[in-house]
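Throughout, a chain's letter reflects where its sequence line sits, starting with A, and its residues are numbered from 1. If you're wondering where the values come from, they're calculated on a predicted model, not measured in any experiment. Both backbone and side-chain heavy atoms feed into the values below; hydrogens, waters and symmetry mates do not.
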Amino acid sequence: MMVFESADLTAASFSAALFGLVATSILLLLGTAWVGQRWKVTVTLCACAAVVGAGAMFEGREAWTTGSVPILYHYAGWIISMPLQVLALYFFANAAGRQRIGLFWRLVVAAVLMVFVRYLGEAQLMHAALAFLIGLAFWLYILGELFFGRMDTAVRESDHDAIRRGYFWLRLIVMVGWAIYPLGNFIMSFGSFIDGGGISVTYNVADFLNRMTFGVAVLATAIMATRHSQAQAAGDNEEQRS
Amino acid sequence: MMVFESADLTAASFSAALFGLVATSILLLLGTAWVGQRWKVTVTLCACAAVVGAGAMFEGREAWTTGSVPILYHYAGWIISMPLQVLALYFFANAAGRQRIGLFWRLVVAAVLMVFVRYLGEAQLMHAALAFLIGLAFWLYILGELFFGRMDTAVRESDHDAIRRGYFWLRLIVMVGWAIYPLGNFIMSFGSFIDGGGISVTYNVADFLNRMTFGVAVLATAIMATRHSQAQAAGDNEEQRS
Amino acid sequence: MMVFESADLTAASFSAALFGLVATSILLLLGTAWVGQRWKVTVTLCACAAVVGAGAMFEGREAWTTGSVPILYHYAGWIISMPLQVLALYFFANAAGRQRIGLFWRLVVAAVLMVFVRYLGEAQLMHAALAFLIGLAFWLYILGELFFGRMDTAVRESDHDAIRRGYFWLRLIVMVGWAIYPLGNFIMSFGSFIDGGGISVTYNVADFLNRMTFGVAVLATAIMATRHSQAQAAGDNEEQRS
Amino acid sequence: MMVFESADLTAASFSAALFGLVATSILLLLGTAWVGQRWKVTVTLCACAAVVGAGAMFEGREAWTTGSVPILYHYAGWIISMPLQVLALYFFANAAGRQRIGLFWRLVVAAVLMVFVRYLGEAQLMHAALAFLIGLAFWLYILGELFFGRMDTAVRESDHDAIRRGYFWLRLIVMVGWAIYPLGNFIMSFGSFIDGGGISVTYNVADFLNRMTFGVAVLATAIMATRHSQAQAAGDNEEQRS
Amino acid sequence: MMVFESADLTAASFSAALFGLVATSILLLLGTAWVGQRWKVTVTLCACAAVVGAGAMFEGREAWTTGSVPILYHYAGWIISMPLQVLALYFFANAAGRQRIGLFWRLVVAAVLMVFVRYLGEAQLMHAALAFLIGLAFWLYILGELFFGRMDTAVRESDHDAIRRGYFWLRLIVMVGWAIYPLGNFIMSFGSFIDGGGISVTYNVADFLNRMTFGVAVLATAIMATRHSQAQAAGDNEEQRS
């Protein structure tokens, strides 16, 4: 068995992010039982993203015992967990106000291709600069839907303040937190192709924070919105009776 | 420990399909709690197929570290998960309108033999061309039952639109998505017997998509039908009271 | 890592039976939530038998990488899962009509000794012919209780048809399906002591079918009987009100 | 990978006890959902003891592949699972009639020290004869509390017969079943310090039986007492209405 | 496979703490179902801390087979589980009386930085004495919030005695039990950087006790407070009706 050294910051970031994502997974999986029917899918998708993230962390750490983490290990997790988080946003907005099914498919395809094209670029299976630009375009498309599309309208017209605030934070994570990925993509594509450790530390911290804060924000919003609906339903009942 | 290289597309497809099937399993396993009593078995069978698929992916990936994936690793998963999916369709139709128990047994036997005969052919334990034809016949029989049998009638007479739409998509997956398996069987039987990577990539993507879309379609239909039944029951109660 | 070859039927049977038992375990574990209070223990015992079977399959497959599976690996699973299934039958009959606690203990002891004596015989820790005969006697005793004992009476007087039909099939599995074990015991005891593969294939298929059909039959009966009881209870309530 | 031989009784006992404890764990974990609120902690503690026992079995079996099982592997499990079972008895009596919190702490400390002192003696970190005697004294103290303390009074005054009978059996297991541990401690302390296999077989069978019968007795009592309480509550409701 | 020797106290402490934390995790995870809505998050956070602790124990024990445990293995667990426990205290106080969201963030940041700075110091990535002092300051800040902040006020004004007593014990654990960590930090920073075994034993016992007693205290308080609320709600209902 290989033992990591005390001062190996990359190993430390893999271990800490792994434990953090395991804790996030447990919280979100249990959390699906605390929220109302229309929030269950959203919270479950976030939980799946956390579980997948934990799995990718585990594999990446194993690879690190050999001294480098091929970018394959990062992308295998992202290609599943990123579309899951984008879909969580779709179902989040859907809970606020019915969304078209066409948007669902556009978001899935955009999120999957965004990650896949970046991978092709970094693995030198495609022209690096082209891949970077296409990946960027897909990310901007997703951001566009979040900021100017029908999802934004539905959330703004939502009857509950917690949903509006939750959507604000989730959108921020997708904009600011996800910016690390095209950035890393840019650096990797036009530099070396095997990561010496520093990039992995950044990715691990970002992966953990993006999945954890995203999931916790969704869960908190869902719990508050569920309580609000229940209080409203109780109020309606009261009224009907009297 | 063996580490996959960054540009190893086969390893990437194994990892991504594994994570995707784990996420599908979690979604479907939790989903069994969100649907009405008569949909629980259907959703559970899809969840089992996803779990088995994830297990087979995991084992196949381990085998890939040696540079080739004997077809044994694909067939061990298929012989369990394909009959499970065919049975999920039976229980799906059964929820729409009571099906005969005899059909249940015919479908089980046809689905198991379809996979088993193909395996015998590819492993050269049986004449390859004969095995291919018999496997094809079983698949066509299952398609026949789906399109022209009593299941189709029951679904068409169903009281809920979501069931009809769901059945349409599920049937399409079994027809179009499953076409990859006899095709791969044909190529493998009349070409080399050990897969150099390309076939595995195709199988992994197909396995993931077939199990995921199938499971998600079943879950979505079950949730909508459950809501419909509850709304109807609530309406009936209302009527009875007044 | 050792990779099994494509035409290795024994490895294929281990893998397929493992996946099949995992799927059975999931179905039965989830199924405990779908049945009434008095069926829960019965279904849980079948689920435990499936989990133990899956565990034994997993270990046996590992052993097979070395080229032979010592009978120890089969018996370690059987000595737990067979008594569990016999007890599932006891609780099945108990749900139909209260059984004596003495029968419970006699069945446990008979089932455990049946497997243990066979193991002693095959491992040459006891005279093989004697062990075979004693093992046979215990099996016949269990069959006797099932066919002519108080369990049969209780089931025949049961108020629900599904229970009678379920008991018929379960008894058949214990009689016909379990016949493979004394047969294998006979062949192994008077032939070689290390299995070259053929015996393991037979055992794996039998183990999977016996645990799966048994569990599914119990679950199906329990679901039908639960629905029947609920319908009856609803009918009684109706009557009481009017 | 090391494969155990067919006639290796120690390996067989490790495997069988492992499977048995896994089955017990599943039964008890599911069982926590079938019992009333005041029995849940008791059943959970028994389930935890079974899970810990299964974990210790698994590790001991791994160690056995090298030909001997250092006593460390037994004691690591016992120091957690024995206090858990003693506490299960405390909460069992607590369900019959409120117990003092001081007794809780005395029992925890006595049970932990009983196991720890025995370990110190066997590992030659303490004078063997002294450790044996102190370990014995702690066991006798626990037995004293069970037979002549306030727990016995509370159970004897309990309103339900099942509780009295359950307590009788649980006390018997702690007296007769647990007698194997000081006995083994005596033999190991004054003989060799590494176990050649025979002691492990005895320990494995005893560990499995003690955890399994204990857990099943608690679960059976809890189910019966829960039903009794529900029937009583229903009766009270009936009375109140009329 | 490496087997630990009988007298290896460090290995014994790793194994025992691992089993103890697994048992704690199971108890707390099941416990989330026994408490009222507003206690669920608190109990879940404690369960997550126990799971993470078990994971870190498992990894540390693996590392110990090589003869030393780099401090990395301790800190990877602490950086997740300590903030989780501090947050559990926040939600504990929040259940007693609404807390500001700003306090939440201050506590998270203080707890994460406390562990991270200590790690940097011990791994010689930062001046050891400075890191020790900063780590100490963050711990004192958390203690200050617990003893003199708004959380203390909210708990003291709480309507239920169990909450006040629970908070007293939890605060004590964070003050007395956590004192081992700056102490160990001090010893490690100004002595050798690789642990010969003695420090790990102390850490393992402390980790187990801190997580177990903390979790059990939270669960016990939550169960009592839930019962209190239910009794009160039932009383209110009674009053309203009459």
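The 12-atom threshold is exceeded at CZ of A:Phe104, counting heavy atoms of other residues, nucleotides or ligands nearer than 6.0 Å.
If you measure heavy-atom distances from A:Val51 to chain B, the contacts under 4.5 Å come from the side chain alone. If you measure heavy-atom distances from B:Phe14 to chain A, you find no contacts under 4.5 Å at all. With a 4.5 Å cut-off on non-hydrogen atoms, B:Leu27 touches chain A through its backbone and its side chain both. Proximity to chain B (any heavy atom under 4.5 Å) is restricted, for A:Ile80, to the side chain, taken from C-beta onward.
For the 3.5 Å distance criterion, the side chains of A:Ser81 and A:Arg211 qualify, holding a donor opposite an acceptor. In this structure, a donor-acceptor pair under 3.5 Å is absent between the side chains of B:Tyr119 and B:Asn185. B:Glu122 and B:Tyr75 are linked by a side-chain donor-acceptor pair at a separation below 3.5 angstrom, with hydrogens and angles left out of the test.
With chain A as the partner, the residue from B:Ser13, B:Ala17, B:Ala12 showing the most heavy-atom pairs under 4.5 Å is B:Ala12. Here B:Ala23 is the residue among B:Ala23, B:Ser15, B:Ser25 with the most heavy-atom pairs under 4.5 Å with chain A. Between chain B and the residues A:Cys48, A:Pro83, A:Ala33, the most heavy-atom pairs under 4.5 angstrom are made by A:Cys48. Note on B:Arg227, B:Glu5, B:Arg61: by heavy-atom pairs under 4.5 Å with chain A, the leading option is B:Arg61.
Looking only at distances, no side-chain donor or acceptor of B:Thr10 sits under 3.5 Å from a matching main-chain atom of B:Val201. The closest donor-acceptor contact from the side chain of A:Arg118 to the backbone of A:Phe132 lies at 3.5 Å or more, if one exists at all.
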